[in-house]
Structures are given as structure tokens and as C-alpha cells.
Colleague: 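Structure provided below as C-alpha cells; questions to follow.
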Protein chains: 2
Amino acid sequence: MTETPDSVTEAPETPNSEVDCLCPLGGVMDLLSRRYAMQLVCVVGAIGPARYGDVEAAFDGVSSSTLSARLDELVEAGILAREQYAEIPPRVEYELTDTGEELRDHLSPLIRWAEELDEGTISRTQE
Amino acid sequence: MTETPDSVTEAPETPNSEVDCLCPLGGVMDLLSRRYAMQLVCVVGAIGPARYGDVEAAFDGVSSSTLSARLDELVEAGILAREQYAEIPPRVEYELTDTGEELRDHLSPLIRWAEELDEGTISRTQE
DNA sequence: CAGAATCCATTCGGATACTG
DNA sequence: CAGTATCCGAATGGATTCTG
């Protein structure tokens with residue numbers, strides 16, 4: 001992905017020694033940078049065992065392909081757990097894994113803060 | 001920037017009453033979902049008054065256009081403050097606003113957590 | 001119901017110039 | 001140094017359709 005010639009990926013000469021906050025780009029942060037990803041974690045965590053339909057309804061306007069992709073990525077990342085019940089009306093429930101819980105614990109305040117900030121930015125000259 | 005045709009992007013009716021964790025999509029969370037956005041906030045906060053070159057160096061592999069766009073968006077969102085000194089070697093410094101500080105306060109633990117998680121996922125079979 | 005598959009429009013992001 | 005402008009490939013995200 002990035003460049004890894006042969007030198008260390010660390011900072012050969014860091015401008016400041018404290019700037020190591022950027023993960024290698026390709027990890028969890030990349031997943032979270034996808035659309036709805038963060039909200040998805042938060043939503044599933046809020047609902048609890050969330051069915052596909054519930055999540056879809058919560059987002060009100062996300063295409064199934066996108067939502068499906070996002071769910072799949074999060075499941076594969078070990079953030080969500082998918083349980084499929086082989087019943088006649090097929091039921092699938094997503095819920096946060098232990099890792100996902102931790103993540104949600106970090107995301108919740110962030111999203112909340114973002115919402116608050118967002119409310120105060122309505123009268124902003126956007127263009 | 002995003003999409004603002006003329007229709008409402010809001011949700012007139014909330015599907016579930018307990019699921020309100022999803023901000024209206026188009027606010028700060030959307031900005032943060034762009035590439036490098038979160039890391040950028042964290043980096044600038046870590047460096048302090050960060051020059052463009054510093055940030056660029058910190059990311060090691062980001063095109064100037066992308067970085068510039070990201071910086072611009074964050075500035076316009078009131079998260080970063082840009083100070084331009086009209087000196088002969090042009091110097092521009094970015095730093096977190098008060099809002100940005102708050103944001104970084106939320107992002108730091110998240111990114112840190114992500115890094116830790118990322119380290120344990122190296123042996124993943126990714127195509 | 002839950003999603004996979006397909007197709008397509010949009011956008012993003014990267015590389016490469018080129019300025020003040 | 002600090003960007004902007006442009007071009008283009010790749011990826012994303014959306015709508016639709018179909019299936020178990």
C-alpha cells in the first residue's frame with residue numbers, strides 16, 4: 001500500500017517525536033473512514049441484537065449493497081458478530097463483539113459531540 | 001461539497017425512537033469519514049502549530065491535493081485554524097481550534113485503540 | 001426477511017505539473 | 001514553502017433485480 005522501501009517505517013527523522021498518531025493506513029481506521037461505518041457501529045450497539053432490517057431502517061436511505069458491504073467489513077474486522085438463524089423467515093442478528101463494544105465506547109462520545117457541533121453549524125455560510 | 005440538490009436530506013420521520021446515534025449525514029462525521037481526516041486532526045494536535053510541510057511529512061505519501069483538500073475542509077469546519085504569515089519564505093501554520101481540541105480529545109483514544117487492535121491483526125489473510 | 005449480484009454515476013484520491 | 005489546477009484511474013455508493 002504505502003511505501004516501504006527498505007527503511008524503517010518509523011520516522012527516520014521525525015519533525016516532532018510525538019507524532020506517531022497515524023496508524024499505517026489500512027487498519028481499522030480505514031474501515032471506520034468508510035461511509036456509515038462509525039454510525040453503524042453505534043447503531044448496532046444501541047439497538048443490541050440488530051436485524052438487518054432494523055439497521056437499514058435506522059439509516060433511512062442507504063442502499064442495501066452499501067449497508068451490506070459495510071456490515072460485512074465490520075464483521076470481518078471482528079467488530080460485529082453475525083448470527084444467522086435458519087428459520088423460515090430468515091433472521092440474522094448483528095451485535096457488537098467484545099472488540100466492537102470497546103470501539104463503540106470510543107465512538108459514542110465522538111458521535112454525540114459531532115451531533116452537538118452539527119446543530120450549531122446550521123447558520124453557517126456553506127458555499 | 002457533498003450533495004445539496006434542493007431536496008431534504010433530513011429524515012422527516014424517525015424509524016426507531018431509540019436509534020438517534022446517526023447524525024444527519026453531512027455534518028462533521030462526514031468530514032471525519034474522509035481519508036486521513038481523523039489522523040490529520042490528531043497529527044496537527046500533536047505537532048501543535050504545524051506547517052504544511054510538517055503535516056505532509058508526517059503522512060509520508062499523501063498527495064498535496066488530497067492533503068490540501070482535507071486541510072481546507074477541516075479549516076472550513078472550524079476544526080483547524082490557518083494562520084498565514086506573509087514572509088518571504090511563506091509560512092503557514094495550522095493548529096487546532098477550540099473545537100478541534102475537543103475533537104482531538106475524542107479522537108486520540110480512538111486512534112490509539114485502533115493502533116493497538118491493528119497490531120494484533122497482522123496475521124490476517126487479506127487478499 | 002436478508003442479502004448477493006449487477007450496473008452505473010459519482011466521487012475520491014493520487015500523480016504530475018505549475019504558480020505566488 | 002505552500003499550495004492550486006488538471007487529469008485520470010480506482011473505488012465508492014446508489015438503484016434495481018433476483019434469490020434462498
Side-chain angles (χ1 to χ4, degrees), chain A residues 1-3 15 22 25-26 29-40 43-44 47 49-76 80-95, chain B residues 1-5 7 9 11 15-16 22 25-26 29-40 43-44 47 49-76 80-95 126-127:
Chain A
M1 289 276 197
T2 39
E3 277 268 355
L22 25 107
L25 298 181
M29 289 306 293
D30 248 41
L31 278 184
L32 297 180
S33 294
R34 304 273 161 282
R35 208 162 203 203
Y36 310 120
M38 300 182 175
Q39 289 101 327
L40 192 48
V43 162
V44 173
I47 303 185
R51 277 181 263 173
Y52 182 86
D54 291 344
V55 182
E56 193 174 36
F59 275 97
D60 153 79
V62 195
S63 53
S64 40
S65 47
T66 305
L67 181 58
S68 204
R70 217 61 47 204
L71 281 169
D72 197 47
E73 292 163 11
L74 289 175
V75 166
E76 195 168 328
L80 293 184
R82 195 188 102 125
E83 269 187 82
Q84 180 171 359
Y85 304 90
E87 305 171 354
I88 291 307
R91 185 173 53 147
V92 178
E93 288 184 348
Y94 293 94
E95 55 183 343
Chain B
M1 287 300 191
T2 44
E3 79 294 278
T4 15
S7 323
T9 341
N16 270 331
L22 28 106
L25 298 180
M29 289 307 294
D30 248 42
L31 279 184
L32 297 180
S33 294
R34 304 271 162 287
R35 206 162 204 201
Y36 310 121
M38 299 182 177
Q39 289 101 326
L40 192 47
V43 163
V44 173
I47 303 185
R51 276 181 265 174
Y52 182 88
D54 290 344
V55 182
E56 193 174 35
F59 275 97
D60 157 75
V62 195
S63 51
S64 38
S65 47
T66 304
L67 181 59
S68 203
R70 217 61 44 196
L71 282 169
D72 197 47
E73 292 165 10
L74 290 175
V75 165
E76 196 168 326
L80 293 184
R82 194 188 102 124
E83 269 187 84
Q84 179 171 0
Y85 303 91
E87 305 171 354
I88 291 306
R91 184 173 54 146
V92 177
E93 288 185 350
Y94 293 92
E95 57 182 342
Q126 198 115 28
E127 48 161 359

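Proteins get letters first, then strands, A, B, ... in listed order; numbering begins at 1 in each.
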Colleague: Please report the distance, rounded to the nearest Å, between CG in A:Leu31 and C1' in D:dA11.
Modeller: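 Answer to the nearest Å: 14 Å.
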Colleague: Only counting residues at least two apart or in another chain, list the ones meeting salt bridge (Lys or Arg N to Asp or Glu O under 4.0 Å) with B:Glu87.
Modeller: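 Listed in chain order: B:Arg91.
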Colleague: Take the protein atom CZ of A:Phe59 and the nucleotide atom C1' of D:dG13, then report the distance between them rounded to whole Å.
Modeller: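 Computing the A:Phe59:CZ to D:dG13:C1' distance gives 14 Å.
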Colleague: To the nearest Å, how far apart are A:Gln84 CD and C:dG3 C1'?
Modeller: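 Value for this atom pair: 9 Å.
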Colleague: Which whole-number value in Å describes the distance from A:Gln39 CD to D:dG13 C1'?
Modeller: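 Atom-to-atom, A:Gln39 to D:dG13, this comes out as 14 Å.
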Colleague: How large an angle, rounded to 10°, do the end axes of the helix from C:dC1-D:dG20 to C:dG20-D:dC1 enclose when each is built from five base pairs?
Modeller: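 The value is 50°.
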Colleague: Please state how far atom CD in B:Glu56 lies from atom P in C:dT16, giving the value in whole angstrom units.
Modeller: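 The distance from CD of B:Glu56 to P of C:dT16 comes to 13 Å, rounded to the nearest Å.
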Colleague: Show each protein N/O and nucleotides 4-7 of chain D N/O combination with a separation under 3.5 Å, one pair to a line.
Modeller:
| unit_1 | atom_1 | unit_2 | atom_2 | d |
| --- | --- | --- | --- | --- |
| D:dT4 | OP2 | B:Ser68 | OG | 2.3 |
| D:dT4 | O4 | B:Ser64 | OG | 3.3 |

Colleague: What is the separation between atom CG on B:Leu67 and atom P on D:dG3, rounded to the nearest whole Å?
Modeller: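 B:Leu67 atom CG is separated from D:dG3 atom P by 9 Å.
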Colleague: For B:Glu95 and B:Pro49, work out which heavy atoms get closest and say how close.
Modeller: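 Shortest heavy-atom separation between B:Glu95 and B:Pro49 comes out as CB-CA, 4.3 Å.
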Colleague: Could you state the interatomic distance from CG (B:Asp30) to OH (A:Tyr36), rounded to the nearest 0.5 Å?
Modeller: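 Between atom CG of B:Asp30 and atom OH of A:Tyr36 there are 8.0 Å.
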Colleague: Starting from P on D:dG13, measure out to CG on A:Leu71 and report it in whole angstrom.
Modeller: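 Spelled out: CG on A:Leu71 to P on D:dG13 is 13 Å.
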Colleague: A:Ser68: what forms a side chain to side chain donor-acceptor pair (under 3.5 Å) with it, not counting sequence neighbours?
Modeller: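 In terms of side chain to side chain donor-acceptor pair (under 3.5 Å), with neighbours along the sequence ignored, A:Ser68 is linked to no residue.
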Colleague: Between A:Leu80 (CG) and C:dG3 (P), how many Å, whole number?
Modeller: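 It works out to 11 Å between those atoms.
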Colleague: Of all the choices, D:dT12, C:dG14, C:dC12, which nucleotide is nearest to the side chain of A:Arg34 once you look at every atom?
Modeller: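 The answer is D:dT12, which lies nearest to the side chain.
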Colleague: Can you tell me if A:Arg70 touches the phosphate of D:dG13, counting only side-chain N or O atoms and a distance under 4.0 Å to OP1 or OP2?
Modeller: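 A:Arg70 to D:dG13 OP1/OP2: side-chain N or O found under 4.0 Å.
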Colleague: Taking the side chain of B:Arg51 as heavy atoms from C-beta outward, which of D:dG13, D:dA2, C:dA2 is closest to it?
Modeller: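 Among D:dG13, D:dA2, C:dA2, the one nearest the side chain of B:Arg51 is D:dA2.
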Colleague: Is the backbone of A:Val62 close enough, under 3.5 Å, to the side chain of A:Thr66 for a donor and an acceptor to pair up by distance?
Modeller: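 No, A:Thr66 side chain to A:Val62 backbone: no donor-acceptor pair under 3.5 Å.
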Colleague: Just to confirm, is there a sub-4.0 Å distance from OP1 or OP2 of D:dG14 to any side-chain nitrogen or oxygen of A:Arg35?
Modeller: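 Answer yes for this pair, as a side-chain N or O of A:Arg35 is under 4.0 Å from OP1 or OP2.
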Colleague: Is there a residue in residues 86-94 of chain B whose heavy atoms reach under 4.0 Å of DNA chain D, and which residues are they?
Modeller: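 Residues of residues 86-94 of chain B under 4.0 Å from DNA chain D: B:Pro90, B:Arg91, B:Val92, B:Tyr94.
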Colleague: Filter on salt bridge (Lys or Arg N to Asp or Glu O under 4.0 Å), then keep only pairs touching residues 64-75 of chain A, sequence neighbours left out; what's left?
Modeller: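 As it turns out, the salt bridge (Lys or Arg N to Asp or Glu O under 4.0 Å) pairs with a partner in residues 64-75 of chain A, which skip direct neighbours, are A:Arg70-A:Glu73.
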Colleague: Could you work out, with side chain to side chain contact (heavy atoms under 4.5 Å, CB included) as the rule, every residue matching B:Val55, not counting sequence neighbours?
Modeller: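 If we apply the side chain to side chain contact (heavy atoms under 4.5 Å, CB included) test to B:Val55, skipping adjacent residues, the hits are B:Leu40, B:Val44, B:Ala50, B:Phe59, B:Leu67.
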Colleague: Of the non-hydrogen atoms in A:Val43 and A:Ala58, which two are nearest, and what is the gap between them?
Modeller: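 Scanning both residues, the minimum pair turns out to be CG1-CB, 4.0 Å.
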Colleague: Could you give the distance from CD1 (A:Ile47) to CD (A:Glu93), rounded to the nearest 0.5 Å?
Modeller: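 Rounded to the nearest 0.5 Å, the CD1-CD separation comes to 10.5 Å.
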Colleague: Taking the side chain as everything from C-beta on, heavy atoms only, tell me whether B:Glu83 gets closer than 4.5 Å to B:Val92.
Modeller: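 In short, these two side chains do not touch, never coming nearer than 4.5 Å.
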Colleague: Is the shortest heavy-atom distance from the side chain of A:Leu71 to the side chain of A:Tyr52 under 4.5 Å?
Modeller: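 A:Leu71 reaches A:Tyr52 side chain to side chain.
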Colleague: Phosphate oxygens OP1/OP2 of D:dG13: is one of them under 4.0 Å from a side-chain N or O of A:Ser63?
Modeller: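 For D:dG13, OP1/OP2 do not have a side-chain N/O of A:Ser63 under 4.0 Å.
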Colleague: Kindly write out the residues that satisfy side chain to side chain donor-acceptor pair (under 3.5 Å) with B:Ser64, not counting sequence neighbours, or none if the list is empty.
Modeller: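 Side chain to side chain donor-acceptor pair (under 3.5 Å) check on B:Ser64 returns nothing, list empty.
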